[in-house]
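Every chain is numbered from 1, with letters handed out A, B, ... down the list of sequences. Note that this is a predicted model, so its numbers are computed, not measured.
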Amino acid sequence: MNFFADRAAAAALAAAPAALQPLLEAKAIVEHTNINPNKAAHIGHLRNAVLGDTWVRLLRRRGETVEVQNLQDNTGVQVADVAAAFLYLNGAAGDAAAAIAQVETVLADPAVRFDYLCWDLYAAIAQHYEQHPDDLAAWRPATLQAIEAGANPIATLAAVISTAIARCHLRTMQRIDVEYDLLPRESEILHLDLWRHAFALLRQRGAIRLESAGKNAGCWVMDRAEARGPEGEEETKVIVRSNGTVTYVGKDIAYQMWKFGLLPLEFGYARFYEYPSGHVAWTTADRSAPGAPAFGRGVWVFNVIDVRQSYLQEVVVAGLRALGAEHEAARSVHFSYEMVALSPACAAELGYLASAEASGGKRVDVSGRKGTGVKADDLLDRLEARTREEVAARHPDRPAAERERLAAAIAVGALRYFLLKFSRTTPIAFDFKEALSFEGETGPYVQYAAVRATAIGRKAADAGQPAAAAWDAAWSGSLDDTAAWTLLWHAGRLEAAVAQSLDAAEPAQLAKFAFQLAQTFNNFYHHTPVLQEENPDRRTFLLWLVAYVQRQLAEALALMGIAVPEAM
RNA sequence: GGGCGCGUAGCUCAGUUGGACCAGAGCAUCGGCCUUCUAAGCCGACGGUCGCAGGUUCGAAUCCUGCCGCGCCCGCCA
């Protein structure tokens, strides 16, 4: 069989595409970022946030209702370790009040990047603990218990630290246009006895049982008949330790239950952070502030978490199943992605390796405990420094403030595209050379194409011929031009690309589409003069086409959280 | 031992959802193109037994089986 495309009909369709229909029954909760609030964000966190944020934008584009959550583990070991560092390593000699005063002082100092300071402190205490196991045995549990108990100076110290760091993280993410609706905090999860309620339900439904013998005697465990351990034995997962404390997975099951509205309790909510747009990120609190929205009770839950936690995410879902929450289990999605490591050259450049050869050609893992990795803000600073340079060279006449805006937009474009162009299952070996590149398959390449398209439209408008808003059937004859037709056809595929990206849960497909459309346009741009076109009908058509492509490019970029600068 | 992922050009990666963009892109290298809508661009060249071996099919990078290699996970850590 042969199929023939009616180009004019296709053009008319492209100009007025059918809207995507929402597929999810109701609110979806997307949880991403989830950085421990004890130190600066790094490149791996950026991949998480950018993937999560782009997924949110894709879902919203389809018309879904989405709530973005960013869990704060403000009572965990990582925060406790930094609190202990302030208590014992910085001259406070264990006096929490003195440590708090110290923290307040550095927080008040605009020259100090608090999250960077904590990054170093965290590495310092990790090293100290390694060399002084006695201190580890004494400081960590004491700090942890004080934090969990609450209402004491050490808990206050930890709260001051974790709150300040959370704000640092929100500011960092704001730089790349990532915003949140709610920051649920472990502290409120503890105070609300989320776990006690979940435990009662799990027990009542027979999802967990008390092990009476064997290595897990005295623990509440969940059976996992489908899984096999290292010796081929049937697997059980400890949910409650023999000392009565809850494991990480146990807490995660409880939290997942809350997200689905399966627990009979409600958090209070307080305003935490206001974005320039006026949008507010809320956090959990003991009492609700007036006007607090209703959070939680999602029908779909997407957890953006790295691939190493696949097993644990399976356990969480198995927990829901064991509870009889089959419907919720089927709507729990682990939006997983591979890790970001450092390329050998990058690790060597940062001084983590004597030479690139020392890694044996393999990527080098980052480690918060060792203090290795690329801080998110450092990377953004370097990107902006580079774009600023380029912008200054290309647009010396523009005012400084405008140049700053351009540089920032291009830096974000470079970073977000770099993190999105790899499929989720591909581990990224981070490399400055690649990330700082603005040529070839990069965000700036796509932005550049859109900027050029904008420029043509602007010049035409200045000359008194703005682009027509709608497709005109009278232009059909112009579609015989293969270059124009190819471009139109490609641009019209945005809806399909978005749908595909959603179906495959793969933002990289959208990135690829945007790049290819930009390529097609750049090619067209070089071979088809628009403003010089003599035939007025054809010029009108070309202007419409360029405006249409510009809109499609801008929309694809917006879905990736990338803006089109006014100039490049 | 089990589970998951990966193996495609010198390098980094797309392409695998029940097969038909027939091997693609970017970078790197080499060679062209700025008095014409911005050269962060365009054009061209070079470059691949799609890990190996079988199988299914009219047709396989894609599906099936078996190997080989690499990574991650399988804690009363989070």
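Using a cut-off of 4.0 Å between Lys/Arg side-chain N and Asp/Glu carboxylate O, A:Arg363 and A:Glu338 are scored as not salt-bridged. Comment: A:Glu441 engages A:Lys512 in a salt bridge, judged by a side-chain N to carboxylate O separation of less than 4.0 angstrom. Salt-bridge check for A:Glu31 with A:Lys259: passed, with a basic side-chain N closer than 4.0 Å to an acidic carboxylate O.
Taking 4.5 Å as the limit, every side-chain heavy atom of A:Val79 sits out of range of all side-chain heavy atoms of A:Ile165.
Look at A:Tyr525 and you won't find any side-chain N or O under 4.0 angstrom from OP1 or OP2 of B:C34. For the OP1/OP2 pair of B:G5 and a distance below 4.0 Å, the side-chain nitrogens and oxygens of A:Arg424 include no atom meeting the criterion. For A:Tyr448, a side-chain nitrogen or oxygen approaches OP1 or OP2 of B:A40 to under 4.0 Å. For B:C6, neither phosphate oxygen OP1 nor OP2 lies less than 4.0 angstrom from any side-chain nitrogen or oxygen of A:Arg363. Between A:Arg308 and B:C74, a side-chain N or O to OP1/OP2 separation shorter than 4.0 Å is absent. Between B:G71 and A:Lys362, a contact under 4.0 Å exists linking OP1 or OP2 to a side-chain N or O.
Residues A:His132 and A:Trp139 keep their aromatic ring centres 6.0 Å or farther apart.
For A:Glu314 and B:C73, the CD to C1' distance is 10 Å, given to the nearest whole Å. Separating the CD1 atom of A:Ile305 from the P atom of B:A78 is a distance of 15 Å, rounded to the nearest angstrom. For A:Ile428 and B:G71, the CD1 to P distance is 19 Å, given to the nearest whole Å. B:C72 atom C1' lies 10 Å from atom CG of A:Asp306, rounded to whole Å. Summarising the geometry, the separation between CG on A:Leu312 and C1' on B:C77 is reported as 10 Å, rounded to the nearest angstrom. One atom, CD1 of A:Ile208, and another, C1' of B:C76, lie 14 Å apart when rounded to the nearest Å. Whole-Å rounding puts the A:Glu211 CD to B:C76 P distance at 11 Å. Atom CG in A:Asp252 sits about 15 Å away from atom P in B:C77, given to the nearest Å.
One distance of note links CZ of A:Arg403 with CZ of A:Arg394; it measures 13.5 Å at 0.5 Å rounding.
Across all strands shown, the partner of B:G71 is B:C4, judged by Watson-Crick or G-U wobble contacts whose two distances both fall under 3.5 Å. Under the Watson-Crick and G-U wobble criteria, each requiring two contacts below 3.5 Å, nucleotide B:C77 is left unpaired. Pair assignment for B:A20 gives none, since no Watson-Crick or G-U wobble pairing has each distance under 3.5 Å. Across all strands shown, the partner of B:C42 is B:G32, judged by Watson-Crick or G-U wobble contacts whose two distances both fall under 3.5 Å. Taking a pair to require two hydrogen-bonding distances under 3.5 Å in either a Watson-Crick or a G-U wobble arrangement, B:G26 pairs with B:C11. Of the nucleotides present, B:A53 is the one that pairs with B:U65 by Watson-Crick or G-U wobble criteria, both distances under 3.5 Å.
Residue A:Phe422 is classed as a sugar-phosphate contact, given heavy-atom separations below 4.0 Å to backbone atoms only. Counting non-hydrogen atoms under 4.0 angstrom, A:Asn36 reaches nothing in the nucleic acid. Among the atoms of the strands shown, base atoms are found under 4.0 Å from some heavy atom of A:Ala567. A:Glu338 comes within contact range of no nucleotide atom at all, as no heavy-atom separation falls under 4.0 Å. Nucleic acid contact class of A:Asn523 (heavy atoms, under 4.0 Å, all strands): sugar-phosphate only. Nucleic acid contact class of A:Val221 (heavy atoms, under 4.0 Å, all strands): none. Using a 4.0 Å heavy-atom cutoff across all strands shown, A:Lys421 reaches no nucleic acid atom at all. Residue A:Thr387 is classed as having no contact, given no heavy-atom separation below 4.0 Å to the nucleic acid. A:Val307 comes within 4.0 angstrom of no nucleic acid atom, judged by non-hydrogen atoms across all strands. The residue A:Ser423 sits close only to the backbone: its heavy atoms come under 4.0 Å of sugar-phosphate atoms, none of a base. Using a 4.0 Å heavy-atom cutoff across all strands shown, A:Ala217 reaches at least one base atom of the nucleic acid. Heavy atoms of A:Arg394 sit under 4.0 angstrom from at least one base atom.
Position along RNA chain B of the nearest nucleotide to A:Val238 versus A:Ser437 favours A:Ser437 as the more 5'-ward residue. Nearest-nucleotide positions on RNA chain B place A:Gln519 closer to the 5' end than the other of A:Phe438 and A:Gln519.
Judged by distance alone, the side chain of A:Tyr352 and the main-chain N or O of A:Gly373 form a donor-acceptor pair under 3.5 Å.
In this structure, A:His42 and A:Trp119 have perpendicular ring planes: the angle between them is above 60°, well past the 30° mark. Ring-plane geometry between A:Trp544 and A:Trp475 is classed as tilted, the angle between the planes lying from 30 to 60 degrees on a 0 to 90 degree scale.
Atom name P, nucleotides B:A61 and B:C21: the rounded distance is 13 Å, in whole Å. Of the P atoms belonging to B:A53 and B:U8, the separation is 15 Å, rounded to the nearest Å. As rounded to the nearest Å, B:C34 and B:A40 have C1' atoms that lie 14 Å from one another. Across the C1' atoms, B:C46 and B:C64 are found 38 Å apart, a figure rounded to whole Å. Across B:U49 and B:A9, the matching C1' atoms stand 13 Å from one another, rounded to whole Å. Nucleotides B:G69 and B:U38, compared at atom C1', are 48 Å apart to the nearest Å. Only the C1' atoms considered, B:G51 is 41 Å distant from B:C33, to the nearest whole Å.
Across B:C42, B:G26, B:C76, the shortest atom-to-atom separation from the side chain of A:Phe515 is found for B:G26. In this structure, of B:G26, B:A78, B:G5, it is B:G26 that holds the atom nearest to the side chain of A:Glu441. In the set B:A78, B:A25, B:A40, B:A78 carries the atom at the smallest distance from any side-chain atom of A:Thr247. Nearest to the side chain of A:Gln532, among B:C74, B:C42, B:C37, sits B:C37. Residue A:Asn522 places its side chain closer to B:G41 than to any other of B:G71, B:C73, B:G41. Considering only the side chain of A:Lys459, B:U38 comes nearest among B:C76, B:U38, B:C42. The listed nucleotides are B:A14, B:A40, B:C74; the one nearest the side chain of A:Thr426 is B:A14. With distances taken from any side-chain atom of A:Thr425 to the nucleotides B:G5, B:U12, B:C42, the minimum falls on B:G5. When distances are taken from the side chain of A:Glu439 to each of B:C6, B:A40, B:U12, the shortest belongs to B:A40.
Looking at A:Ser242, its side chain comes within 3.5 Å of the base of B:C76 through a donor and an acceptor atom.
Annotated as syn: B:C34, whose O4'-C1'-N torsion sits within 90° of 0.
Remark: the A:Asn303 side chain and the A:Gln256 side chain contain an N/O donor-acceptor pair separated by less than 3.5 Å.
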